Amino acid sequence: MARKKVKLAYITHDSKRRGTFKKRKNGLFKKLNEISTLCGIEACAIIFSQNDHQPEVWPSPWGGVQKVLSRFKSLSEMEQRKKMLNQESFLKQRIQKGQEQLKKQRNENRKKEMTNLMFQCVNAAHIIGNVGLNDLNDLSWMIDQNLKQIERRTNETQAEEVVENRDENVIGREQGMENNVDAMQSQHWSLDFTSNNFGDVLPFENGNNNVPNGRWPY
């Protein structure tokens, strides 16, 4: 089961807020311990609470915390503020991300509306309903995009067919050349066998080609 999405808002109920703080704090310390162990990095946490007089630190005030803070302070001011967020900058990032998502969703909805209108006009064979100038412009853009997509897909299909035909032609030529070579070899061997008189091929004794007594042995 997926976890229920938590609403990021201040908890007004005191006891519930204290319980949530304790739970989230322990979870944060656990995650810091895991990331330090698994990834071999130096990390620390300092948490101030309105209910405690002293801040809580992890892993220890005079151990890892001092070491990490000293290393952080040795960086330049620009490097220190490079990925630093306060409440205002965090909210600005969230708002900007939400606006981008909203814009993207509006564009998707508009494309679906124009696609539906396009198919209705195609089925009716004319512009239907009270279509305004903006709708006509968006519809024209949608039709152009679809035509470009069809043309691109057609070109890709034709290119694939050309490559397939070329490969088939190459394979056919190779097979034809192999057949010709086989035929030539067969013809060559047949000519060799027919041109030689096997009656003249005699076993000379001891490799001596001299004809005994001036006559061929029978």
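Heavy-atom basis, side chains included; hydrogens, waters and symmetry copies ignored. A quick note: this is a predicted structure, and the numbers were derived from the prediction, not measured.
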* Asked: Partners of F119 by side-chain contact (heavy atoms from CB on, under 4.5 Å), sequence neighbours excluded?
  -> T115

* **Any residue meeting side-chain contact (heavy atoms from CB on, under 4.5 Å) with S49, in chain and number order, not counting sequence neighbours** => F21, N51, D52

* For the residue pair D135 and M114, what are the closest heavy atoms and their distance? -> O-SD, 3.6 Å

* Structure fact -> So CD1 of I47 and CZ of R24: to nearest 0.5 Å the spacing works out to 12.5 Å

* Asked: What residues form a side chain to side chain donor-acceptor pair (under 3.5 Å) with R94, not counting sequence neighbours?
  -> none

* Structure fact -> One should read off an interatomic distance between R106 CZ and Q101 CD, to the nearest 0.5 angstrom, of 13.0 Å

* To do: Look up atom OG1 in T20 and atom CD1 in I11, then write down how far apart they are to the nearest 0.5 Å.
  => 3.5 Å

* Note, I46 side chain near L69 side chain (heavy atom, < 4.5 Å) -> yes

* M142 side, atom CE; L147 side, atom CG - distance, nearest 0.5 Å -> 12.0 Å

* Straight-line distance of L133 CG to D138 CG, nearest 0.5 Å -> 9.5 Å

* Pairing residues for N146 by the side chain to side chain donor-acceptor pair (under 3.5 Å) criterion, not counting sequence neighbours -> none

* 4.5 Å side-chain heavy-atom contact, C44 and F72 -> no

* **K92 bridged to E88 by N-O distance under 4.0 Å** => yes

* **By side-chain contact (heavy atoms from CB on, under 4.5 Å) - contacts of V163 (at least two apart)** => R166, D167

Extract all donor-acceptor atom pairs below 3.5 Å that involve side chains of residues 28-35 and protein atoms in other chains or at least two apart in sequence.
none

* Can you list every salt bridge (Lys or Arg N to Asp or Glu O under 4.0 Å) pair that touches residues 112-134, not counting sequence neighbours? -> R110-E113

* Partners of K25 by side chain to side chain donor-acceptor pair (under 3.5 Å), sequence neighbours excluded? -> E56

Kindly list each side-chain donor-acceptor pair under 3.5 angstrom involving residues 154-161, sequence neighbours excluded, with atom names and distances?
residue	atom	partner	partner atom	Å
T154	OG1	I150	O	2.8
N155	ND2	E151	O	3.2
E156	OE1	R153	NH1	3.3
T157	OG1	R153	O	2.9

* Please list, chain by chain and in numerical order, all residues satisfying salt bridge (Lys or Arg N to Asp or Glu O under 4.0 Å) with E77, sequence neighbours excluded. => R81

* Roughly how far, to the nearest 0.5 Å, is the SG atom of C121 from the CD1 atom of I143? -> 7.5 Å

* To do: Report yes or no: do F48 and V57 belong to one cluster of Ile/Leu/Val/Met/Phe/Trp/Tyr joined by side chain heavy-atom distances under 4.5 Å?
  => yes

* Exercise: identify the closest heavy-atom pair between A43 and W58 -> O-CZ3, 3.5 Å

* Asked: Side chains of S76 and E79: closer than 4.5 Å at any heavy-atom pair?
  -> yes

* Structure fact -> Sequence neighbours excluded, the answer for salt bridge (Lys or Arg N to Asp or Glu O under 4.0 Å) partners of R71 is E42

* Structure fact -> Residues passing the side chain to side chain donor-acceptor pair (under 3.5 Å) test with D14, sequence neighbours excluded, are R17

